[in-house]
Amino acid sequence: MTGGEGIPPALWNKATSDFPCTERKDVIPIDVYSRVLPLLLDGFVVTIQLVIFAGFLSFVMSFVGGLARLSRFAPVRWVAGFIIEFFRGTSLLVQLFWLYYALPLLGVTLPTGLVGIVALMLNYGSYGSEIVRSSILAIPKGQTEAAIALNMTPFQRMKSIILPQAFRIMLPSFGNLMIELMKGTALVALITIPDMTYYIKEARNTIGHDTQLFSMLLVAYFIIGIALTMLFRWLERKFSAGRV
Amino acid sequence: MTDTQEKRFTAYDIDGKEPIVKYRKISKSFGDNEVLKEIDFDLYPGERVAIIGPSGSGKTTMARLLMTLETPTAGTIEVDGRHLWHKEVNGKLVPADEKHLHEVRGDIGMVFQHFNLFPHMTIMRNLTEAPVKVLGLPKKEAEERAKEMLEKVGMSEKAKDYPASLSGGQQQRVAIARALVMRPKVMLFDEPTSALDPETVGEVLNVIKDIAKQGDMSMMLITHEMSFAREVADRVCFFDEGKIQEQGPPSEIFTNPETERLREFLKGFNVNGNGESQ
Amino acid sequence: MVWKWDFTFNEVIPRLLEVIEVTINATLGAFAFAVMVGLVLALLRRSDRKWISWPTYGFIEFIRLTPPLVQLFFIFFVFPHLFGLTLSPMVAGILGLGIHYSTYLSEVYRAGIESVPKGQWEAATALNFSPLQKWKSVILPQAIRPILPVMGNYLIVLFKETPLLSAIGLMELVGMAKGIGAETFRYTEPFTIVGILFLILSYSASLLVKRMELKLDLNRR
Ligand SMILES: Nc1ncnc2c1ncn2[C@@H]1O[C@H](COP(=O)(O)OP(=O)(O)OP(=O)(O)O)[C@@H](O)[C@H]1O
Ligand SMILES: [Mg+2]
């Protein structure tokens with residue numbers, strides 16, 4: 001299945017080069033597309049779902065984490081800082097594999113789809129927390145002071161003065177983060193979640209034609225990437241309307 | 001205060017009035033730097049006090065302590081009979097919490113050197129946000145108040161605009177209106193014109209003069225505009241090295257300074273002229 | 001299932017330490033590649049000729065918006081057909097991650113180049129430097145200094161991306177952890193230790209980068 005699993009690298013290379021799939025004469029390329037497209041679409045739906053759910057959850061976690069790191073209470077800051085540094089410092093694939101392979105042995109078995117979403121959320125939510133934190137810190141102190149002078153409560157200051165301004169600063173970074181997350185979803189194929197990458201790797205064994213398969217896969221991701229880019233450009237425009 | 005009472009220290013009629021703000025032995029240090037040294041200071045209801053002094057003498061810190069933007073190192077401040085930085089628990093003074101500060105600081109308003117308008121809100125929203133959220137006014141009423149204030153500072157036309165499209169002077173006028181809609185008993189102005197282009201200084205000073213004439217609000221005006229201080233203030237306080245070195249009615253302070261320091265300081269200004277500093 | 005310490009110390013840690021070199025080689029190889037190709041991309045992107053700068057832009061965006069894992073598969077599985085080029089997992093990995101991160105670094109270079117004041121270009125022209133001399137002795141030295149910490153951060157990000165290479169069969173840390181797990185049916189210890197190794201290495205590297213940042217800041221004054 002995947003390159004690494006159990007097969008020694010040397011043997012694996014031999015397998016792929018001795019029987020190059022394009023040399024199979026029984027399938028002409030045009031037929032490849034019609035056979036693969038339905039599979040790719042199935043995977044596309046899963047990939048999109050992952051982007052939306054994991055994207056939303058990491059967005060939420062970013063705010064919780066970023067605000068916790070700025071908390072008045074030192075223990076809250078420490079715990080948040082530790083969690084964030086932990087998930088930033090270990091790699092996404094390690095986190096996925098740990099939740100997929102190691103956690104069940106400790107007696108906790110999560111549905112595979114949930115493992116994917118949770119790992120994506122924790123990883124990108126931790127990066128997002130830093131975006132939220134630094135954007136809040138970028139708001140001039142005078143804004144908080146003016147809000148205090150108007151006798152706003154700490155909650156009101158955060159909600160109606162600081163966060164709306166910080167949000168505008170965050171948007172471009174969140175746009176980039178969502179693109180990273182979208183690319184990160186491809187990794188879930190390695191824990192058998194049937195996303196686009198998973199289906200294409202499967203199709204590789206049954207249909208062949210590596211060149212067409214992987215080109216289609218790249219283009220599919222590229223399309224999602226463009227869509228995300230445009231979505232965030234639109235959001236940035238929307239949130240900067242009327243202001244300089 | 002007992003000694004100074006013999007000599008008239010303010011042109012304001014304080015007979016039978018209790019101070020609305022009392023600083024008592026207030027000290028403030030930043031690290032090793034003692035910025036204010038055991039300051040005693042009273043402000044009477046309706047009185048207008050100008051605070052002058054060289055850069056770094058602690059004028060801004062004086063105002064920020066009252067606005068609760070800075071915590072005193074020692075001493076107490078009372079506002080309208082209530083402690084600001086402390087609350088009484090079983091007859092003892094303990095440091096105030098946010099809830100207590102929230103209750104007391106409603107009497108104070110402040111205008112900043114750099115305006116600090118909220119850039120993500122229209123001018124109207126800048127003025128109504130706090131009345132609605134903090135005072136709990138209905139939106140309609142808050143807007144009525146806001147319109148009235150914008151009229152007062154001559155900014156009615158810009159209600160729908162965002163701060164970034166205004167000049168410095170216009171922004172400061174809006175900032176003044178924003179502080180006024182909260183109807184504070186005490187207004188603090190921290191060098192409201194020193195970040196402005198020279199052309200727009202006049203319009204802001206005129207607005208402040210108008211407010212000073214009409215209101216029964218107490219005002220603390222930190223300024224480098226000596227002729228403005230002379231015209232508006234009932235009392236002038238000269239700060240240097242963290243202490244009030246000299247205070248009195250403007251007529252005496254500017255024409256007949258007692259201390260050598262104040263004489264030196266005033267040399268740098270054209271006290272009777274158009275108020276432009278240095 | 002409980003954690004087995006003797007298994008951890010006698011089997012997991014020694015075998016992981018054996019392949020840590022593979023992870024580090026892949027990281028450094030891919031980074032060196034990205035540092036060089038990134039500069040080339042940045043310069044091509046700046047070209048006045050649209051037929052050079054636009055395709056470069058398209059290439060950068062395409063690579064940036066598609067997953068490195070799929071790019072690795074493409075290089076590993078498709079290059080043999082396209083170019084008759086069979087690559088070892090290590091070479092494919094260095095190439096794949098290197099290309100991916102070269103697009104990021106090209107942006108970093110761009111920011112660095114743009115931070116060089118206009119007067120420096122004019123001074124270099126006034127001194128009659130050739131274009132190559134201008135870049136080599138005036139612009140690049142000034143452009144690269146302020147971006148060194150950012151490049152350091154990308155080195156760390158790239159390091160954390162190397163586990164992808166296990167998917168094309170490279171026996172680096174994660175590949176080895178998976179191998180140990182498959183042999184012994186014990187996954188907890190290997191993957192936990194791998195996580196800790198990544199945490200230690202990337203966290204200490206990030207402290208180094210922070211120090212570098214501070215130093216550069218101080219020097220500028
Ligand atoms: N947040 C702070 N941290 C450390 N030192 C401070 C802080 N705020 C003020 N200071 C110091 O306290 C002293 C008094 O500052 P303050 O701003 O009160 O002076 P000022 O009289 O308002 O001067 P200016 O006329 O320049 O506005 C200065 O030496 C200043 O450097
Ligand atoms: Mg000041």
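All values below come from the heavy atoms of this structure, side chains included, with hydrogens, waters and symmetry mates left out.
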- L117(B) portion near chain A, given a 4.5 angstrom heavy-atom threshold: backbone
- Measuring heavy-atom distances to chain B, does E145(A) have an atom under 4.5 Å in its side chain, in its backbone, in both, or in neither? both
- Region of L69(B) in contact with chain A, defined by heavy-atom distances below 4.5 Å: side chain
- Note on the structure: When the 4.5 angstrom heavy-atom criterion is applied to M67(B) and chain A, the contacting part is both
- If one checks every heavy atom of H114(B) against chain A at 4.5 Å, the contacting part turns out to be neither
- Contact class of F118(B) relative to chain A, heavy atoms under 4.5 angstrom: both
- Between CG of L122(A) and OH of Y127(A), what distance do you get to the nearest 0.5 Å? 13.0 Å
- Item | Under 3.5 Å: donor-acceptor pair, side chain of H100(B), backbone of H83(B) | yes
- Does the T73(B) side chain pair with the main chain of S29(B), one donor and one acceptor, at a distance under 3.5 Å? yes
- Query: Considering only heavy atoms, which portion of R64(B) lies under 4.5 Å from any heavy atom of chain A: side chain, backbone, both, or neither?
  - Reply: side chain
- At their closest point, which heavy atom of R178(B) faces which heavy atom of N116(B), and how far apart are they? NH2-O, 2.9 Å
- Query: Any ion pair linking K139(B) and E143(B) (charged N to carboxylate O, less than 4.0 Å)?
  - Reply: yes
- Between the side chain of Y198(A) and the main-chain N/O of G43(A), is any donor-acceptor distance below 3.5 Å? no
